[in-house]
Each structure stands twice: as C-alpha cells, then as structure tokens.
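Input: a single structure, listed below in structure tokens.
What you see is a predicted model, and the numbers here were worked out from it, not measured in a lab.
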Amino acid sequence: MSRNIVRSVRRLSELQRYKPPKWAASVKDIPQHFVRLAQRNTPIHPWDLPQLPKGFSLFIKRDDLTGNTLSGNKVRKLDFLLADALYKNCDTIFTCGGLQSNHCRATAVASRQLGLSCFLFLRSPKQTTDIGCTGNLLLCKIVGSKMIIIPQLPYKHGLKQMMEKMAKEELNQKGSSVYQIEVGGSSYTGMFGYLTAFQELIEQNVLENFDDIVVTAGTGGTAAGIAIGNYLTGSKLKCHAVSVADNTAYAYSKINEDLQAGGLDVQAEEIIDIIDGYQGRGYGLSTQHELESILEISRTTGVMMDPVYNIKAVRGMLTEMKCNPTRFRGQRILYIHTGGVFDFYDGRIDTLLASSSSAAENAQQVASWGDIDDPMPFFDY
Ligand SMILES: *Cc1c(COP(=O)(O)O)cnc(C)c1O
C-alpha cells in the first residue's frame with residue numbers, strides 16, 4: 001500500500017472535529033466531535049405507493065440504509081453520542097429501551113465497533129430473563145452486550161436514576177467509566193444527528209424539489225433535528241411528524257426542550273406539524289390492517305416498512321393526503337424512512353404469511369417431487 005493510502009485510512013474510532021453547517025452556527029452548545037458511523041448520503045428515489053392519492057408525488061429518503069446491522073435513524077444520533085463518550089474517555093455505554101429496541105441494537109453494535117462495552121436496560125412486560133433470541137435481540141446477543149431486564153419504568157422518573165446508581169457501582173467495583181445514553185438517543189447532543197442530516201437534504205436539492213417532509217415520531221428526537229434545521233435555514237418546506245407514541249404531547253415537549261437548549265426563540269408548534277391519531281392499538285402493537293399494508297407495500301415497491309414506526313406513519317400520511325390535503329403545503333412530498341427492519345424478525349408477521357391465501361402464493365411444491373431419485377451432487381451449482 002502506498003503511504004498516501006495508509007494515511008487516508010481512518011480508524012472508525014477516530015474522533016473527527018465537527019463543524020456545524022453555517023446556518024446552525026448561532027445554536028448554543030454545539031458538539032465538538034463526531035464519529036462517522038452512518039453511511040451517507042442515503043439515497044432519495046421516487047416511491048410509487050399503491051394507495052397514493054391523485055395529484056401527489058412521493059419520494060422516499062432511505063435512512064433505513066445508514067448501514068446494515070447499524071441501520072436506521074439511531075445511527076445518526078450515535079455519530080454524536082458515541083463521539084461524546086469517547087471524548088469523555090468513557091469505556092462503557094449504558095442505554096435503555098424495549099426488548100426489541102432498534103436504538104439498543106444500534107448502540108450495542110456501534111459500541112463494539114468502537115471498542116466500548118455496552119449494557120442494555122430492556123423494559124419487559126413480564127418478569128423473566130428468558131427473553132429469547134429473535135429480531136434485534138439476536139444482534140444484541142451476538143455482539144455480547146450485557147442485558148438487564150427491567151420493569152416498564154418511565155425514563156425520567158425511575159429508570160434514569162436506576163441506571164445512574166448502577167453506573168456508580170460499575171465505577172466503584174471495576175473502575176469503568178460509564179456514558180449514559182437516554183431512551184431513543186434523544187438527548188440534545190443526539191439531536192445533532194438529524195440537524196446534520198438536514199444539511200444532507202439541502203445538498204440533495206430537497207429545498208427546491210419538495211414542498212413537504214414527512215417522518216415518524218417516537219420520542220421526537222429525529223423530528224426535532226429536521227424541524228430545527230428547517231427553521232434555521234428559513235426554508236419553505238413544511239415538516240410533519242406522524243406520532244406513534246401513546247402521548248403526542250411528548251414529541252412537542254421534546255422539541256421544545258431542544259429549542260430551549262439551543263437558545264432558539266420559537267415554539268415547536270410553530271415549526272412542525274405533529275400528526276396524531278395513527279397509533280392504532282398503541283405503541284409497539286400492530287393491527288391486522290397495518291400488517292396487511294406492510295405486505296402490500298413490500299410486494300408492490302420492494303421497500304419494507306417496520307411495524308412499530310414507519311407503517312403507522314405511512315398509513316397516517318396517506319389518510320391525511322386523502323381526507324385533509326390542505327394540511328400539506330404542496331403536493332411534492334418527501335417521506336423519510338427511519339429503518340427498523342429487524343422488528344420483522346420477532347415473528348409478528350408470520351401468522352399472516354402462513355394464512356391460507358398468502359402461503360399458497362408463496363410456496364408451491366413440484367408435483368413430481370417423489371420421482372426425483374438422483375439428487376444434484378452437492379457442489380454442482
Ligand atoms: C426510534 C425509531 C423511530 C423514532 O425516532 P425518534 O427520534 O425517537 O422520534 C422511528 N423509526 C424507527 C425505525 C426507530 O427505531
């Protein structure tokens with residue numbers, strides 16, 4: 001290898017100096033560093049959804065493609081959060097979420113890539129350590145994260161304090177210094193992942209080519225970065241976030257917290273439209289219609305929607321386009337796909353796939369199966 005090439009290879013764990021986009025320079029407490037975990041720029045392409053109401057044109061930004069085991073929106077937040085952990089010389093990451101949390105999986109994988117230990121505090125509806133090995137949990141286990149099964153405590157009132165107590169014990173017993181990441185990675189530092197993604201949108205000509213941006217909101221951290229970027233640039237785009245959290249006020253209050261932390265004198269309600277009413281059976285739960293929509297969209301467009309976030313947001317967006325079209329600023333819509341593909345592997349869609357019509361379509365057997373008595377030799381492809 002020539003010396004030039006050797007010199008240009010960066011170690012993943014190398015902290016890079018963060019220079020905010022010009023339009024964000026006046027924001028307070030800008031992080032100083034990032035690590036480059038997310039693959040970017042993620043592509044934008046037309047998306048021919050079967051139920052798209054007439055008049056609208058729809059494109060999709062593929063933030064499900066920020067990586068493969070590191071995939072989805074959480075990777076952009078971790079670019080900043082894990083950089084902060086490295087900068088503070090921490091060697092252990094604590095974070096929390098549900099048993100099938102995409103955030104916990106992405107944190108577990110990214111921590112390993114950066115040489116950090118990772119503890120996951122996983123909220124379970126049942127008191128058991130027998131959590132199985134499906135979906136995101138499989139990946140968390142493969143990379144060897146430590147898992148602590150906990151009851152369904154709210155983060156700020158119970159869980160945060162429990163984790164801080166355990167972090168002190170880790171320090172006293174093993175000398176580990178812990179960096180604690182809040183639920184969903186949605187701290188003020190994590191918000192810079194999507195504030196920076198807004199600059200990527202600008203470079204992809206989104207300001208000229210679209211009227212509206214639609215994304216899903218859980219904690220609202222992703223929506224916060226996009227809406228704040230949109231506000232700071234003075235862009236004419238209208239931002240919408242379809243809430244999948246049981247309490248929609250949560251997203252507005254999270255965005256308001258970030259606005260305050262950034263010293264910005266505007267209210268969340270003025271910079272983003274949070275769309276309510278599409279939570280279905282509640283956070284993490286699926287209706288039969290939602291699962292059927294996942295299949296329909298996968299089968300017509302080849303793009304997979306996760307059951308917890310994106311399918312609810314897309315169904316909400318389509319319903320609003322049809323019943324409430326003036327809610328949108330125009331008709332050129334960009335949908336941001338936030339990932340979550342491993343949530344499929346928890347088995348929830350299996351029953352639908354095994355149902356008689358779907359199964360008959362998927363797998364047929366040759367009639368002459370029994371007559372084949374000379375099977376193909378093994379390596380004869
Ligand atoms: C966490 C998550 C979201 C929600 O992001 P917030 O920043 O918490 O609003 C959306 N989609 C997927 C796939 C996620 O994992």
Side-chain angles (χ1 to χ4, degrees), residues 49 51 60-61 63-64 71-74 76-77 96-106 122-123 125 135-136 152 154-155 182-186 190-191 193-194 212-227 239-255 258 268-269 272-298 303-321 323-324 327 333-344 346 348-349:
L49 273 188
Q51 314 284 343
I60 182 168
K61 177 159 173 75
D63 265 13
D64 55 326
S71 70
N73 61 341
K74 302 307 182 308
R76 291 191 190 264
K77 303 180 186 191
C96 59
L99 288 173
Q100 283 297 341
S101 161
N102 296 309
H103 164 68
C104 287
R105 178 257 311 155
L122 300 174
R123 292 183 181 127
N136 284 307
Q152 293 180 305
Y155 182 73
E182 69 180 70
V183 66
S186 286
M191 188 274 292
Y194 271 87
D212 297 79
I213 296 185
V214 182
V215 70
T216 171
T219 63
T222 303
I226 292 170
C239 296
H240 314 263
V242 184
S243 173
V244 305
D246 296 329
N247 179 1
T248 299
Y250 193 91
Y252 275 131
S253 68
K254 156 71 189 156
I255 298 168
D258 285 347
E269 289 78 356
I272 188 162
D273 167 35
I274 307 268
I275 299 178
D276 195 8
Y278 298 97
Q279 290 88 344
R281 289 174 56 219
Y283 180 75
L285 304 173
S286 297
T287 66
Q288 186 70 9
H289 286 306
E290 286 161 8
L291 296 176
E292 284 166 1
S293 296
I294 290 175
L295 286 192
E296 187 190 19
I297 293 171
S298 306
V303 180
M304 275 151 246
M305 301 283 99
D306 77 290
V308 180
Y309 295 96
N310 288 283
I311 196 60
K312 295 184 183 185
V314 166
R315 285 169 58 86
M317 173 182 73
L318 290 171
T319 305
E320 292 296 315
M321 283 171 166
C323 305
N324 202 1
R327 187 166 196 160
I333 315 295
L334 180 66
Y335 181 79
I336 299 182
H337 188 339
T338 50
V341 72
F342 298 109
D343 281 341
F344 278 121
D346 72 352
R348 81 173 77 200
I349 210 156

Legend entry - Min side-chain heavy-atom separation I294-P307 under 4.5 Å: yes

Inset, instruction - With sequence neighbours excluded, tell me which residues meet salt bridge (charged side-chain N to carboxylate O under 4.0 Å, His left out) with D273. - result: R327

Inset, instruction - List the atom of A251, the atom of A217, and the distance in Å for their closest heavy-atom pair. - result: CB-CB, 4.4 Å

Inset, instruction - List in chain and number order the residues that pass ring-ring contact (aromatic ring centres under 6.0 Å, His included) with H337, two or more places apart in sequence or in another chain; answer none if no residue qualifies. - result: none

Inset, instruction - With K74 as the cation and Y309 as the aromatic partner, state whether NZ or CZ is under 6.0 Å from the six-membered ring centre and within 45° of the axis. - result: yes

Legend entry - Pairwise side-chain contact, Y194 with V215, heavy-atom cut-off 4.5 Å (strictly under): no

Inset, instruction - Mind checking side chain to side chain donor-acceptor pair (under 3.5 Å) for N247 and listing every partner two or more places apart, or none if nothing turns up? - result: none

Inset, instruction - Please answer whether the main-chain N or O of Q288 pairs with a side-chain N or O of E290 as donor and acceptor at a distance below 3.5 Å. - result: no

Inset, instruction - Find out whether K312 and Y283 are in side-chain contact, i.e. whether some heavy atom of one side chain is under 4.5 Å from a heavy atom of the other. - result: no

Inset, instruction - Identify, with sequence neighbours excluded, every residue that meets side chain to side chain donor-acceptor pair (under 3.5 Å) alongside Y278. - result: E320

Legend entry - Over all atoms of both residues, closest heavy-atom pair of S298 and M304: OG-CG, 3.5 Å

Inset, instruction - Of all the heavy-atom pairs spanning I311 and S293, show the shortest one and how long it is. - result: CD1-CB, 3.7 Å

Inset, instruction - Look up atom CG in D246 and atom CG in L285, then write down how far apart they are to the nearest 0.5 Å. - result: 8.0 Å

Inset, instruction - For K77, check salt bridge (charged side-chain N to carboxylate O under 4.0 Å, His left out) against everything at least two apart and list the hits. - result: none

Inset, instruction - Can you sort out the partners of E182 under side chain to side chain donor-acceptor pair (under 3.5 Å), two or more places apart, ordered by chain and number? - result: none

Inset, instruction - Please list, chain by chain and in numerical order, all residues satisfying side-chain contact (heavy atoms from CB on, under 4.5 Å) with A245, sequence neighbours excluded. - result: S243

Legend entry - Residues in side chain to side chain donor-acceptor pair (under 3.5 Å) contact with D306, at least two apart in sequence or another chain: N310

Inset, instruction - Quickly, which of V314, I60, I333 forms a side chain to side chain contact (heavy atoms under 4.5 Å, CB included) with V214? Name it, please. - result: I333

Inset, instruction - Check salt bridge (charged side-chain N to carboxylate O under 4.0 Å, His left out) between D63 and all other residues, then give those that pass, not counting sequence neighbours. - result: R76

Legend entry - salt bridge (charged side-chain N to carboxylate O under 4.0 Å, His left out) partners of R348, counting only residues at least two apart: D346

Inset, instruction - Without swapping roles, check the side chain of R123 against the backbone of G98 for a donor-acceptor pair under 3.5 Å. - result: no

Inset, instruction - Specify the closest pair of heavy atoms between H103 and G185, including all atoms of both residues, with the distance to one decimal. - result: CE1-N, 3.4 Å

Legend entry - Over all atoms of both residues, closest heavy-atom pair of S186 and G221: OG-CA, 3.5 Å

Inset, instruction - Give me the one residue out of T222, I255, D258 that meets side chain to side chain contact (heavy atoms under 4.5 Å, CB included) with M191. - result: D258

Inset, instruction - Of all the heavy-atom pairs spanning C239 and I272, show the shortest one and how long it is. - result: O-CG1, 3.5 Å

Legend entry - Which residues share a ring-ring contact (aromatic ring centres under 6.0 Å, His included) with Y335, sequence neighbours left out: W47

Inset, instruction - Could you grab the distance from atom CG of L49 to atom CE of M321, nearest 0.5 Å is fine? - result: 8.0 Å

Inset, instruction - Please tell me if the side chains of I213 and K61 come closer than 4.5 Å, counting only heavy atoms from C-beta onward. - result: no

Legend entry - Contacts of Y250 that satisfy side-chain contact (heavy atoms from CB on, under 4.5 Å) - sequence neighbours left out: V183, T219

